[in-house]
Number of protein chains: 2
Amino acid sequence: MARASRQAVTIRHVAAEAGVSLQTVSRVMNNEPNVRDAVRERVNEAVAKLGYVPSLAARRLSGSRSYLILALNDRDRTIEGWRLGQGNDWVDQMLYGGMLKSAEHGYRMIFELIDSHAAHVEREVSAALAALRPDGVILTPPHSDNPVIVALLEARGMPFARIGSYESGAGVAIRMDDAAAGRAATEHLLALGHRRIGFIAGPAEYTLSTERAEGYRQALLGAGIALDPALEEIGDFTFDSGVRAAEALLAQAERPTAILASSDQMALAAAQVARARGLALPEGLAVVSFDDTPVVRFSMPPLTAITQPIAAMASTAADLLIRSAGGDVIEAGPYILPFALAVRGSTQGNDH
Amino acid sequence: MARASRQAVTIRHVAAEAGVSLQTVSRVMNNEPNVRDAVRERVNEAVAKLGYVPSLAARRLSGSRSYLILALNDRDRTIEGWRLGQGNDWVDQMLYGGMLKSAEHGYRMIFELIDSHAAHVEREVSAALAALRPDGVILTPPHSDNPVIVALLEARGMPFARIGSYESGAGVAIRMDDAAAGRAATEHLLALGHRRIGFIAGPAEYTLSTERAEGYRQALLGAGIALDPALEEIGDFTFDSGVRAAEALLAQAERPTAILASSDQMALAAAQVARARGLALPEGLAVVSFDDTPVVRFSMPPLTAITQPIAAMASTAADLLIRSAGGDVIEAGPYILPFALAVRGSTQGNDH
DNA sequence: CTGAAAGCGCTAACAT
DNA sequence: ATGTTAGCGCTTTCAG
């Protein structure tokens with residue numbers, strides 16, 4: 001009993017069992033040509049019988065692929081999300097999309113935290129690459145546009161994907177169409193009869209902020225409504241900044257009947273400010289948010305929101321990187337994935 | 001340009017730079033004795049200068065540790081949690097505790113999903129072990145008590161931790177004290193003046209269910225209150241089962257003024273049933289839940305709950321396994337980690 | 001179409 | 001205290 005079976009089944013055992021050379025087993029395992037069907041089958045039988053699974057370490061070391069995809073996330077944000085214990089949607093959706101897609105291809109996704117503030121970004125990323133030698137790297141915001149990381153990956157010739165990035169350059173960009181999302185959200189409000197619609201933008205450093213604002217304006221103009229600068233405020237995605245912005249919007253004599261906010265937190269802030277002023281959602285004020293993290297489903301009422309395709313972006317990234325590692329030539333992108341508008345009680349009737 | 005720097009810096013480069021043998025570099029990297037301080041320093045300088053990081057694959061292959069901890073989670077539950085997008089607390093807290101602790105030791109935690117229903121459990125686990133050759137495995141419920149998995153790990157001589165398990169046997173068990181938690185939750189209600197306290201238990205197959213029930217009863221008896229079978233219902237942790245149980249409890253002539261439910265979902269169900277019967281929380285009915293997943297913070301009012309130390313359990317598991325891999329002899333356990341009682345609006349006043 | 005030899009980067013076991 | 005030799009399990013040449 002329980003003698004540590006120090007020695008697992010290796011390619012050698014399979015070769016012996018099937019009566020072929022190591023090489024042939026390797027060819028079969030990697031789906032290479034130049035093996036007769038009869039032999040291939042014999043090998044597969046031996047593999048099944050012995051329960052053989054190739055060692056990742058040995059494969060990697062012998063100069064082939066590592067079958068590893070490395071996903072780099074922002075350290076502080078991620079840990080803060082975990083610490084708060086309110087459900088870390090970004091991480092979950094990354095895993096959901098990226099890990100499952102990787103597994104489909106026999107790959108594994110390793111999730112790693114990188115501190116982007118530190119001067120050691122380069123060292124941290126280098127160390128992870130050296131230790132793991134992944135076949136591809138997935139960058140998430142804010143790393144997606146970090147010039148140090150991008151340059152490092154490019155210099156190393158490492159295939160990588162930049163999720164949520166509007167910048168061009170090395171690596172394949174994967175994102176949603178924020179302008180279209182801003183338009184869709186605004187059109188939803190227009191369709192409900194709103195004519196004075198306030199907008200809380202994100203910081204201008206983020207391209208997606210300006211894209212969303214652009215979509216908002218396009219929708220208004222498309223409906224023949226003149227733009228009013230008094231209806232546009234700027235926040236920084238946080239709850240507090242949302243409070244300030246919403247107060248500025250709702251303090252106006254001719255206050256908006258709806259607010260579109262560029263993040264869930266700012267939308268929740270707007271809802272709170274509205275309540276404080278005696279405005280009930282959705283009658284007194286309609287609110288639409290961006291992101292659709294779990295929290296908006298649990299607010300009262302739940303918020304209508306633009307859903308970011310995080311899982312789909314991670315899945316696409318993994319798929320592209322793995323196919324690229326397999327020798328496929330993949331298109332440069334950018335890959336624009338569809339968003340969704342989840343209509344909930346903050347804009348519509350009293351369902352839920 | 002970006003010529004793929006095919007060849008990264010290896011132990012050989014460091015040895016050359018420092019003017020020593022490979023072995024000496026290896027010794028320094030692994031903090032082994034028998035190296036003069038002067039030499040050690042010279043090697044460390046070379047390492048720093050070249051930015052050398054050992055290849056995990058080579059280390060693993062040469063027969064030493066893999067520096068990998070494998071965390072096995074239930075496939076269906078995990079994916080369902082991701083799909084619902086309500087914040088997958090278990091996974092997040094696992095990562096929070098396990099990944100960070102692993103990183104402290106220079107380890108990586110690989111998160112893998114295993115389908116416990118399938119007849120292939122054994123094959124799935126074997127394959128993961130064969131491919132990764134981790135230094136330790138963390139089992140989470142329901143895998144923690146899966147006899148096939150436990151037997152396999154034991155036969156392989158693989159160190160492993162069973163999180164949330166009350167069973168004895170191979171592997172180190174890490175859990176909280178559910179009886180004490182049941183007692184604490186009940187005593188909280190007693191302290192608030194409640195005398196008729198309903199209890200919704202989990203399925204009896206789970207030891208933790210009976211432990212929690214035991215704690216509930218101890219607390220009542222300790223307060224000199226006779227047990228009343230009519231106050232105990234059984235659910236299966238789901239919302240629907242919670243509805244049935246709560247309805248049975250609240251339909252009684254002498255209905256309870258408080259309900260302790262063995263899961264968040266059942267507690268939310270109790271809250272809903274109460275509302276439907278015109279009972280407001282906490283005045284009409286006080287509710288306490290177990291688990292403390294994100295969702296209970298967002299309900300109205302937020303639910304008072306027993307918080308499971310998931311992150312701490314994962315952290316402890318990683319720490320024990322890694323120290324074990326390092327040659328330390330670790331105590332058999334079980335390791336009992338402290339829970340917490342988060343008091344919120346469903347039992348107490350009107351804060352928030 | 002198949003096999004034999006060499007070597008990936010490291011550590012274990014054995015020198016010295 | 002340090003260096004040398006072998007070999008982990010696989011894939012890559014290169015031969016047949």
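It should be emphasised that the depicted structure is a prediction, and the values quoted were computed from it without experimental measurement.
- Between dC10(C) and Ser26(B), no contact under 4.0 Å exists linking OP1 or OP2 to a side-chain N or O.
- Atom-to-atom distance recorded for Leu70(B):CG and Met109(B):CE is 9.5 Å, nearest 0.5 angstrom.
- Closest contact between the side chain of Leu22(B) and the listed nucleotides dT2(D), dT11(C), dG3(D) involves dT11(C).
- If Arg65(A) and Arg12(A) are placed on DNA chain D by their nearest nucleotide, the residue sitting closer to the 5' end is Arg12(A).
- At the phosphate of dG7(C), neither OP1 nor OP2 sits under 4.0 Å from any side-chain N or O atom of Ser62(A).
- A donor-acceptor contact under 3.5 angstrom links the side-chain atoms of Arg27(A) to the base of dG3(C).
- In this entry the distance linking CD of Glu32(B) with P of dC10(C) reads 14 Å, nearest Å.
- Taking atom CZ of Arg40(B) as the reference point, atom C1' of dT2(D) lies 12 Å away to the nearest angstrom.
- Close to dC10(D), at under 4.0 Å from its OP1 or OP2, lies no side-chain N or O of Tyr67(A).
- In this structure, Arg42(A) atom CZ and dT2(C) atom P are separated by 9 Å, rounded to whole Å.
- Rounded to an integer number of Å, the gap from Leu61(A) CG to dC8(D) P is 13 Å.
- One interatomic measurement links the two molecules: CE of Met29(A) to C1' of dT11(D), which rounds to 13 Å at whole-angstrom precision.
- Because its NZ or CZ atom is not both nearer than 6.0 Å to the ring centre of Tyr67(A) and within 45° of the ring axis, Arg60(A) does not count as a cation-pi partner of that residue.
- As rounded to whole Å, 16 Å separates atom P of dC10(C) from atom CG of Leu68(B).
- Closest to the side chain of Thr10(B), from the set dA4(C), dG9(D), dC10(C), is dC10(C).
- Regarding Arg59(B), its CZ atom lies at a distance of 9 Å from the P atom of dC10(C), rounded to whole Å.
- Contact annotation: side chain of Arg133(A) to base of dG9(C), donor-acceptor pair absent below 3.5 Å.
- Atom CD1 in Ile11(A) sits about 16 Å away from atom C1' in dG7(D), given to the nearest Å.
- Considering all non-hydrogen atoms of both residues, Ser144(B) and Arg162(B) come closest at O-CD, 2.9 Å.
- Closest approach to the Asn30(A) side chain among dC10(C), dT2(D), dT11(D) is made by dT11(D) (side chain taken as heavy atoms from C-beta onward).
- The side chain of Ala58(B) has dC10(C) as its nearest neighbour among dC10(C), dT12(D), dT11(C).
- Annotation: cation-pi pair Arg175(B)/Tyr166(B) present, NZ/CZ under 6.0 Å from the ring centroid and within 45° of its normal.
- Of the residues listed (Asn73(A), Asn146(A), Asp74(A)), the one engaging Ser116(A) in a side chain to side chain donor-acceptor pair (under 3.5 Å) is Asp74(A), and it is the only one.
- Applying the 4.0 Å criterion to OP1 and OP2 of dA1(D), one finds that Arg36(B) has every side-chain N and O outside that range.
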